[in-house]
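What follows is a single structure, written as structure tokens, with notes after it.
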Amino acid sequence: QAQQSRLNLLQRLLTTNESSLVEIIQQEDKQIDEAFFAIFNRIAEATMMNRDEQAARQLTSLQQKLIENSTFGKQIQEQAKETEAAVKSLQDASQKGLTRESLLQLIINAPNKTRLSALVGMTRSGMDYQFFQILTDEIAKSTGDERNRLEQLRVDLLEMTRKIDEEIQARVNRTKQLLEGLIKTPNLEEAVQQVLPGITNIFMDILQSEIDLARKNADLARLTKLNKIHGLIE
């Protein structure tokens, strides 16, 4: 019902006069959230695939209005700006040779939580035990307000990395469930067609590891099904 409500709002926005758009966006601000933009993006992708240039232009214009006039849109705009700045700072650091020490300095100097979150999201793999040990050494050397700031930063980083790890694990678990569902389905061709939009690099990695495991265990029935899934996706 919530999804249908957001879809109805999107249809309303696409059929309303240009002069009324901003007013409607502001009135329906609570509905214009992550789920709304997910629906919007799916429709935009379908429009591009259908080569409907007029509809694509209309969606692009509406997207700009949504970003400029909704609370969530402004958050997206801010996140995009901070992500771009984070990417540039990482590129500059990489030219000199990105190390745990230089990464830590980027993170310590992050001007706000949004930039910090962007940096953590892009460099999670480099934030290992050794990285946190270097941060702990920095805390030990500091005093007063700076020490308090770095201690809070460590708390924030541990929470951010925990959430990232949990999301990755949840994505892996969902992907494994999806794969097991495909293996059990009687109409494999139709099922694969239905789940194609959800096929990601993680899915293909897990599929390949399951193929290798089935081959190692000489489980021919499972191996045959997995290979067929792989072939259908390709």
Side-chain angles (χ1 to χ4, degrees), residues 1-15 28 31-64 66-67 70 72-73 76 79-80 83 87 118 121-125 161-234:
Q1 287 176 351
Q3 198 168 29
Q4 185 60 51
S5 177
R6 289 176 176 85
L7 184 58
N8 291 342
L9 172 59
L10 179 53
Q11 290 171 337
R12 182 181 166 200
L13 290 169
L14 287 169
T15 55
E28 303 293 344
Q31 278 208 90
I32 301 171
D33 54 8
E34 186 175 1
F36 177 89
F37 273 95
I39 295 169
F40 183 97
N41 289 336
R42 286 201 296 273
I43 291 173
E45 287 169 7
T47 302
M48 289 174 64
M49 288 177 66
N50 292 333
R51 301 179 185 275
D52 188 339
E53 294 183 10
Q54 183 178 348
R57 282 195 297 271
Q58 185 184 11
L59 284 167
T60 301
S61 175
L62 175 57
Q63 184 182 49
Q64 192 59 37
L66 288 165
I67 288 173
S70 69
F72 191 79
I76 291 174
Q79 287 170 356
T83 299
V87 168
M122 287 184 278
T123 62
R124 171 65 187 98
S125 60
T161 53
R162 182 187 65 79
K163 285 183 177 179
I164 290 171
D165 293 345
E166 285 181 355
E167 174 54 32
I168 290 171
Q169 189 56 52
R171 204 176 300 166
V172 168
N173 292 341
R174 289 195 299 269
T175 301
K176 285 183 176 179
Q177 289 174 356
L178 174 60
L179 180 56
E180 291 303 319
L182 286 175
I183 290 169
K184 294 172 184 174
T185 190
N187 191 341
L188 192 55
E189 289 84 354
E190 183 181 337
V192 168
Q193 189 68 38
Q194 287 175 350
V195 302
L196 272 179
I199 300 301
T200 63
N201 288 335
I202 291 177
F203 182 94
M204 297 307 292
D205 289 342
I206 291 173
L207 175 57
Q208 188 57 55
S209 67
E210 288 295 320
I211 288 172
D212 295 340
L213 183 62
R215 187 178 291 117
K216 181 180 176 181
N217 294 336
D219 188 342
L220 297 181
R222 185 175 175 86
L223 180 60
T224 300
K225 205 74 177 280
L226 290 166
N227 280 326
K228 187 172 183 182
I229 292 170
H230 194 282
L232 286 168
I233 291 169
E234 287 191 333

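This is a predicted model, so every value here is computed, not measured.
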Listed by chain and number, what are the side-chain contact (heavy atoms from CB on, under 4.5 Å) partners of Leu62, not counting sequence neighbours? Leu10, Leu13, Leu14, Leu21, Phe40, Leu66

For Gln169, what residues pass the side-chain contact (heavy atoms from CB on, under 4.5 Å) criterion, not counting sequence neighbours? Val172, Asn173

Worked check of side chain to side chain contact (heavy atoms under 4.5 Å, CB included) between Glu34 and Ile76: CA-CA 10 Å; Glu34 186 175 1; Ile76 291 174; over 6 Å; no

Should the pair [X]-[Y] be classified as a salt bridge under the 4.0 Å nitrogen-to-oxygen rule?
| X | Y | value |
| --- | --- | --- |
| Arg6 | Glu28 | no |
| Arg162 | Glu166 | yes |
| Glu210 | Lys176 | no |

Sequence neighbours excluded, which residues qualify as salt bridge (charged side-chain N to carboxylate O under 4.0 Å, His left out) partners of Arg171? Glu167

With side-chain hydrogen bond (donor to acceptor under 3.5 Å, both in side chains) as the criterion, how do Asn8 and Gln4 come out once you've worked through the C-alpha distance, each side chain's angles and the decisive distance to 0.1 Å? CA-CA 6 Å; Asn8 291 342; Gln4 185 60 51; 2.9 Å; yes

Counting only N and O atoms by type, is there a donor-acceptor contact under 3.5 Å from the side chain of [X] to the main-chain atoms of [Y]?
| X | Y | value |
| --- | --- | --- |
| Thr47 | Ile43 | yes |
| Thr200 | Phe203 | yes |
| Thr224 | Leu220 | yes |

Could you state the interatomic distance from [atom1] ([X]) to [atom2] ([Y]), rounded to the nearest 0.5 Å?
| X | Y | atom1 | atom2 | result |
| --- | --- | --- | --- | --- |
| Ile67 | Ile32 | CD1 | CD1 | 11.5 Å |
| Leu178 | Ile199 | CG | CD1 | 5.5 Å |
| Ile211 | Ile206 | CD1 | CD1 | 12.5 Å |
| Lys184 | Leu179 | NZ | CG | 10.5 Å |
| Glu189 | Leu232 | CD | CG | 5.5 Å |
| Glu180 | Leu182 | CD | CG | 9.5 Å |

Between Val192 and Lys228, is the side chain to side chain contact (heavy atoms under 4.5 Å, CB included) condition met? List the steps. CA-CA 10 Å; Val192 168; Lys228 187 172 183 182; over 6 Å; no

Residues Thr83 and Met122: closest non-hydrogen pair is O-CE, 4.1 Å

Could you report the tightest heavy-atom contact between Ile183 and Arg222, atom names first, then the distance? CD1-NH1, 3.5 Å

Evaluate the side-chain proximity of Gln58 to Gln54: yes if any heavy-atom separation is below 4.5 Å, no if none is. no

Flag side-chain contact, heavy atom, 4.5 Å: Leu226 against His230: no

Within 6.0 angstrom of [X] [atom1], more than 12 heavy atoms from elsewhere:
| X | atom1 | value |
| --- | --- | --- |
| Gln208 | CD | yes |
| Gln193 | CD | no |
| Asn201 | CG | no |

